[in-house]
Amino acid sequence: DKAGHRHFMLKEIYEQPTVLSDCLRHYSDGTAVTIREGELDFAQTDRLILVACGTAHYACLVAKYWFEQLAGLPCDVDIASEFRYREPPVSDRATALFVSQSGETADTLAALRYARDKAARIVSVVNVPESSIARDSDLALPILAGVEVGVASTKAFMNQLGALAHLAILAARQRGRIDSAREAELLGTLRSLPGLINQALALEPQIEAQTRRLAEAQSVLFLGRGAMFPMALEGALKLKEISYIHAEGYASGELKHGPIALVDKSVPVVVLAPRDGLFDKTVSNMQEVMAREGRVWLVTDAEGGRLAGDGVWHRLVMPTVDPVFAPMLYAVPAQLIAYHTALHKGTDVDQPRNLAKSVTVE
Ligand code: F6R
């Protein structure tokens, strides 16, 4: 049942305020994270290892910024198919965390089994609580996104980030990095997200109009800095999955180390950049693109839009949000850009060619 929407993907994009609220209520009472101290002890762990595939891997890459910046916890992020065959050393004080919507992804499950007798603790973040990955974990944390039908993951990604954000806040508390006032403040920011996501969803008509132009491109670049870098990867993945347009995500600072050679007026560059401490640097990257006739689609907030100056191809003004959790809000335009570009191209949004919802063989 698509609840009146044209596709499951759009229905699931619109479910995000609701399912995220469910997830937030599950993991905190609004002022403190409610995961019990005995279930997870980030004070005793010397390293967090995050392993996943695809979109879930990008959720892990976002979470790395949170675990390192909020909790000072060293954090490795790996693609499951690389982790399992590289056979990396895993310290017996490490916590290994596996993220999977389906809980059945073959490479992620194999990576978990590799880590099982090495790491101190095996934790999973899953959407399907009775899945193989959940069953093989010491602790399985649900993301409570509900059934996701669209092959391109949207609401599960949002709720993976929701659950991981709480783990990072818990780690920060357990490692003595934040006091209870700061914990409540961070949780308050998370609680503001469903409302902000609703505001971002209201930008859909504008995104629909602009993607008419994007659909003509052969190739699209996505740029972001800090925790918005993984969002650039996710935006590019969503676009290529459902519109079949070649897209690549890059850290903005990497632009001049190669990808700028691709830039001309035929390659749109989507820049995901809320006004944060690194915004000025991103503006200069944008200017480098525009100096080569590149067309910049800037996704930012009101202040960022003002500071960016003239010359951008399109400016999408998002609600203002604390930069820490901005990736969760900016997932919405990334998803809608992919969705509407695919509609303009006439591709099958819910069943993209060559892809399966659950990858149970490697
Ligand atoms: C992308 C997408 C895939 C999955 C990946 C992992 O939109 O859906 O990249 O994220 O196959 O799947 P799970 O999370 O089920 O392990």
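Counting convention: from 1, in listed order, for ligands and their atoms alike. Hydrogens, waters and symmetry mates are skipped; everything else that's a heavy atom, side chains included, is used. Just so you know, residue 1 is the first one in the sequence shown, and it goes up from there.
Which parts of ligand 1 touch Glu241 is read off a 4.0 Å heavy-atom cut-off, strictly below it: atoms 1 (C), 2 (C), 7 (O). Every atom of ligand 1 with a heavy atom of Ala56 under 4.0 Å away is listed here by number and element: 10 (O), 14 (O). Near Ala152, meaning under 4.0 Å from any of its heavy atoms, are these atoms of ligand 1: 7 (O).
Here the protein heavy atom with the shortest distance to atom 11 (O) of ligand 1 is Val359 CG2, 4.2 Å. Given atom 12 (O) of ligand 1, the protein heavy atom at minimum distance is Thr105 OG1, 3.5 Å. The protein heavy atom nearest to atom 14 (O) of ligand 1 is Gln101 N, 2.6 Å. Scanning all protein heavy atoms for the shortest distance to atom 15 (O) of ligand 1 gives Ser102 OG, 2.7 Å.
Using modelled atom types, one finds a donor on one side chain and an acceptor on the other under 3.5 Å when comparing Ser91 with Asp46. Remark: the Ser358 side chain and the Glu104 side chain contain no N/O donor-acceptor pair separated by less than 3.5 Å. No hydrogens or angles considered: a donor-acceptor pair under 3.5 Å links the side chains of Gln335 and Gln16.
Residues meeting the ring pair (Phe, Tyr, Trp, His ring centres under 6.0 Å) test with Tyr330, sequence neighbours left out: none. Looking at residues two or more places apart in sequence or on another chain, you find a salt bridge (charged side-chain N to carboxylate O under 4.0 Å, His left out) between Lys357 and Glu148.
Between the side chain of Arg121 and the main chain of Glu39, a donor-acceptor pair closer than 3.5 Å is present. Listed for the Glu183 side chain is a donor-acceptor partner under 3.5 Å among the backbone atoms of Val33. Between the side chain of Thr300 and the backbone N or O of Ala273 there is at least one donor-acceptor pair closer than 3.5 Å.
Salt bridge annotation for Asp348-Arg353: absent, with no cationic side-chain nitrogen under 4.0 angstrom from a carboxylate oxygen.
Considering both main-chain and side-chain atoms, Gln160 never comes within under 3.5 Å of ligand 1 through any nitrogen or oxygen pair. Note: no N/O pair closer than 3.5 Å links Thr108 and ligand 1 by distance alone.
Of all the heavy atoms of His57, none lies under 4.0 Å from any atom of ligand 1, so neither backbone nor side chain is involved.
Ligand 1 lies less than 4.0 angstrom from a heavy atom belonging to Lys238. Under a 4.0 Å heavy-atom criterion, Cys53 is in contact with ligand 1.
Residue nearest to atom 8 (O) of ligand 1, selected from Thr55, Val151, Ile143, Thr154: Val151 (by heavy-atom distance).
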